[in-house]
Visitor: 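Once you've had a glance at the structure underneath, I'll fire off some questions.
By convention here, the first residue in the shown sequence is residue 1. The analysis underlying the following values was restricted to heavy atoms, covering all of them including side chains, and did not include hydrogens, waters or symmetry mates. Note that ligands are numbered from 1 as they come in the structure, with each ligand's atoms numbered from 1 the same way.
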Amino acid sequence: MSKTKSTAKPSGPSGVQEMIKRGHDVRDLSLAPQGKNRILWADRDMPVLQIIRERFEKEKPLKGRRMSACLHVTAETANLMRTLKAGGAEITLVASNPLSTQDDVAASLVSDFGIRVFSIKGEDRDTYYAHLDAALQFEPTITMDDGADLVHALHTSHREFAGNIIASLEETTTGVIRLRALEKHGELILPVFAVNDAETKHLFDNRYGTGQSTLDGIIRATDVLIAGRTVIVAGYGMCGKGFASRAKGHGADVIVTEINPIRALEARMDGFRVMPMAQAAPLGDIFCTVTGNIHVIRPEHFAKMKDGAIVCNSGHFDVELDLPGLAKLAKRVEKNVVPFIDRYTLPSGSRIMVIAEGRLVNLAAAHGHPASVMDMSFATQALTCEYALKKGKKFAVAVHDVPQRVEEFVAVTKLATMGCKMDKLTAEQKEYLATWTMGT
Ligand code: ADE
């Protein structure tokens, strides 16, 4: 890889070829020392991944394999990439969101760890897709996605590379929804693993990770006190649950909006008010969408909001807030009135503050989930990757679950690294659980 500073804007096929030849497209390689410190800092809190990395180093289970990963380029992801590389894989990493890249981490991955990275924070749409294109030009045998953009490209613009792929691994709820839709329509062309659906992933990452990092993003961008505010949480899946409970913990009055009756009931019994967005709109001080769906907050809702309402999204794609609709409604739009905040003034005089252009607030305005929770998600990814490559081309074209033994290893090892011990079943208890004859 060359050691030049990248200023290239790689649109068009020649731009992509140039970038591929260079082996990277990052903001500035001189940021590497700071990035390395951050990668190593995160690594302290990723003991399960460290244990896997040490074994991979010795056994090289991924030797000679090419992996292209489309993930948020963070310090935690860097430690997953180091682990896969230690296992012998040749890695290419691109961003799964134009705003989530940590440029110093990207620089360090290239300079200090010999990993190809094509990712720049704030990259435009063309550059984002040029980077995806580059990731596939390396003809990977396994891919990893956070949101299914690589798999989407393998089904549309780059079908020629799909035949090489043993499996693709998916990190997030939105990606798994896309994959299941492909499967349901009979259009899936390669085996995929729903890593998001592993309990060692979504019970912890989605709940505690999104809960904390979303609040962190809102606070970093706005400096508001959460206590005493009315916070509207749209969606009560694992991410919504996590965020609602953290906001409540900070003293907010939390209202949940839902479309699923079981989740709505769960939110109510967890102590939150539940109502439609149309009713919540005039009550909220802070709004956050975490639904995975499109246009959850629309112009008719923005029009009813209080002056100064803060609005953001922590779902994967920037479609949950209808910002084009808000822009049409507004008489004035001021970009970046303070970093990350765009102010929309409505004809009524009310001002709506939108954080990070409606992109995921936890990665755009903060650093994403803390390392200790990404440790579990990425340990699950690394071991599923090993499992898939060991088996080779034997999987049916379908959405597969992570093997149970991977989940068990991650949970048992994480507990051990946290100094927790469990009880064991006695012989009598085992027998009791196995019988159907014992009653009252
Ligand atoms: N998704 C959410 N937080 C993340 C992080 N810190 N690194 C990678 N992906 C993430």
Visitor: With a 6.0 Å cut-off on ring centres, are Phe302 and Tyr344 close enough?
Guide: no
Visitor: Inspect the contact between Lys241 and Asp270 and indicate whether a charged nitrogen and a carboxylate oxygen are less than 4.0 angstrom apart.
Guide: no
Visitor: For atom 5 (C) of ligand 1, find the nearest protein heavy atom and state the residue, atom name and distance (0.1 Å precision).
Guide: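 Answer, as residue, atom name and distance: Thr74 OG1, 3.6 Å.
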Visitor: To which of Glu171, Glu76, His72 does the heavy atom nearest atom 6 (N) of ligand 1 belong?
Guide: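 Selected option, by shortest heavy-atom distance: Glu76.
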Visitor: For Asn206 and Asn196, does a side-chain donor sit closer than 3.5 Å to a side-chain acceptor?
Guide: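 Distance-only check passes for Asn206 and Asn196.
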Visitor: Testing the 3.5 Å rule here: is there a donor-acceptor pair between the side chains of Thr77 and His72?
Guide: no
Visitor: Side chain, backbone, both or neither: which part of Thr210 comes within less than 4.0 Å of ligand 1 when only heavy atoms are counted?
Guide: neither
Visitor: Atoms of ligand 1 less than 4.0 Å from His367 heavy atoms?
Guide: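 Listed by number with element, the hits are 6 (N).
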Visitor: Does any N or O atom in His369 lie less than 3.5 angstrom from one in ligand 1, N or O only?
Guide: yes
Visitor: Looking only at protein heavy atoms, identify the closest one to atom 10 (C) of ligand 1 and say how far it is in Å.
Guide: Met374 CE, 3.6 Å
Visitor: Which of the atoms in ligand 1, numbered in the order shown and given with their element, are less than 4.0 Å from a heavy-atom of Thr77?
Guide: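 Contacts of ligand 1 toward Thr77, numbered from 1: 7 (N), 8 (C).
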Visitor: Does Leu71 have a non-hydrogen atom less than 4.0 Å from ligand 1?
Guide: no
Visitor: Please determine which of Leu150, Asp145, Leu154, Ile142 meets the side chain to side chain contact (heavy atoms under 4.5 Å, CB included) test together with Ser168.
Guide: Asp145
Visitor: Between Arg180 and Glu183, does the side-chain contact (heavy atoms from CB on, under 4.5 Å) criterion hold? Intermediate values first, please.
Guide: CA-CA 5 Å; Arg180 291 205 192 281; Glu183 188 182 38; 4.3 Å; yes
